[in-house]
Amino acid sequence: MEEADLLNQTTSVTYIRLRGLSVNQKVQMAVFVLFLTLYVLTLIGNILIVITIIYDRRLHTPMYFFHSNLSFIDVCHSTVTVPKMLKDTWSEEKLISFEACVTQMFILHLFACTEIFLLTVMAYDWYVAICKPLQYMTVMNWKVCVLLAVALWMGGTIHSISLTSLTIKLPHCGPDEIDNFFWDVPQVIKLACTDTHIIEILIVSNSGLISVVCFVVLVVSYVGILVSLRQQISEGRRKALSTCAAHLAVITLFLGHCIFIYSRPSTSLLEDKVVSVFFTAAPPLWNPIIYTLRNEDMKNALNKFMGRLEGRGKNDNV
């Protein structure tokens, strides 16, 4: 059966009204300026990182291969929700079609779950590099890196398909308004006009379990790294220790949102919207700063790349 036919048979809701972040015009203006600034910085920072990694052959290593994937995901992740939110700040009726809602939910979970898996793989990469440096190039060879990249993207796709399949089959006959600025699984559950207890258990088992398990694996990996670093005190180790601590803080904030939203029943809390705003805007901007721009090799490559761009610009003007 075609997806469009399935949608027509399972829902009478064709458009959804999003309440957005606020009804106050001044607050909406402030939100627009803030999120537009964050979004532009996110695009510039992450796209520049991807281009620099591709451009500089010295960065063609497993670590930067995963960093470029992270920057690409962050661009896509923020683009799923932020442009629509910016547009809605100027709209009196913040409408989105049901088909667009389903598409947004699928893409959102695809990139979010893929990023969770990627952060887990990056933690493992760091663990091998720091705790087993002599075996690093053997363990993290290019074949392994490509296989891991394919696996994490496939994992994100399977997760998103399964979650979307669970929610799209529910009969949605109202209400047609949600108190948020984007469409997600908890909102789908609230619009369903049937008993959703079993679906909620499956969703918690899916999203919640992935978030909790990956979080535990990440924390264990970084704790092992931190313990190893503390036993080898040097200037370089201190920098690595600081970097790992920053990574762990970002991961805690990122996965904390997922655990908070998806590891409990779909009940509305006042904190949900605040947490969602933080989750949408902060990680895509923090990730390039914490994971990449603090690295000396990346800084040097960026300076070299920007210097070459300036040199070309001067030559073009001559």
Side-chain angles (χ1 to χ4, degrees), residues 2-21 73-88 94-117 153-194 196 198-211 254 257-268 272-273 275-277 279-281 283-284:
E2 296 293 333
E3 183 176 327
D5 294 334
L6 180 62
L7 284 172
N8 290 333
Q9 292 182 15
T10 58
T11 180
S12 60
V13 177
T14 56
Y15 284 90
I16 309 296
R17 289 180 174 83
L18 304 173
R19 293 185 185 176
L21 295 177
I73 290 173
D74 282 334
V75 168
C76 298
H77 191 185
S78 58
T79 301
V80 174
T81 55
V82 176
K84 170 65 176 171
M85 185 196 68
L86 293 174
K87 175 179 176 293
D88 284 346
K94 302 172 176 60
L95 296 178
I96 182 171
S97 68
F98 187 84
E99 291 82 357
C101 288
V102 172
T103 302
Q104 184 184 73
M105 183 176 65
F106 173 81
I107 298 174
L108 179 69
H109 280 271
L110 168 63
F111 290 118
C113 186
T114 303
E115 182 163 347
I116 291 173
F117 290 147
W153 278 100
M154 287 183 62
T157 302
I158 293 171
H159 161 78
S160 189
I161 290 175
S162 61
L163 208 62
T164 305
S165 299
L166 283 173
T167 53
I168 199 176
K169 293 179 181 179
L170 294 172
H172 299 97
C173 38
D176 62 353
E177 183 179 77
I178 60 173
D179 186 18
N180 211 330
F181 61 95
F182 69 95
W183 175 269
D184 199 3
V185 172
Q187 285 76 44
V188 178
I189 300 299
K190 293 172 189 174
L191 297 185
C193 49
T194 187
T196 60
I198 300 300
I199 299 296
E200 289 182 33
I201 293 175
L202 292 174
I203 289 172
V204 169
S205 301
N206 189 323
S207 299
L209 187 61
I210 289 175
S211 300
F254 181 79
H257 161 269
C258 299
I259 295 171
F260 178 77
I261 295 294
Y262 302 111
S263 297
R264 58 181 174 83
S266 58
T267 53
S268 297
D272 284 358
K273 191 185 295 187
V275 172
S276 296
V277 170
F279 168 74
T280 301

Asker: Quick check: closest heavy atoms across F111 and I73, and the distance to 0.1 Å?
Answerer: O-CG2, 3.5 Å

Asker: Closer than 3.5 angstrom, by distance alone: can the side chain of S160 be matched with the main-chain N or O of F106 as a donor-acceptor pair?
Answerer: yes

Asker: Hey, are the side chains of L108 and H77 touching, using non-hydrogen atoms and a 4.5 Å cut-off?
Answerer: yes

Asker: Minimum heavy-atom separation for I210 to F117, with atom names?
Answerer: CG2-CE2, 3.9 Å

Asker: Between atom OG1 of T114 and atom NE2 of H159, what is the distance when rounded to the nearest 0.5 Å?
Answerer: 8.5 Å

Asker: Taking I161 as the fixed residue, which of I158, T157, L163 is the one that meets the side-chain contact (heavy atoms from CB on, under 4.5 Å) rule?
Answerer: T157

Asker: Looking at every non-hydrogen atom in both residues, tell me the closest pair between G155 and C113 and how far apart they are.
Answerer: O-SG, 4.4 Å

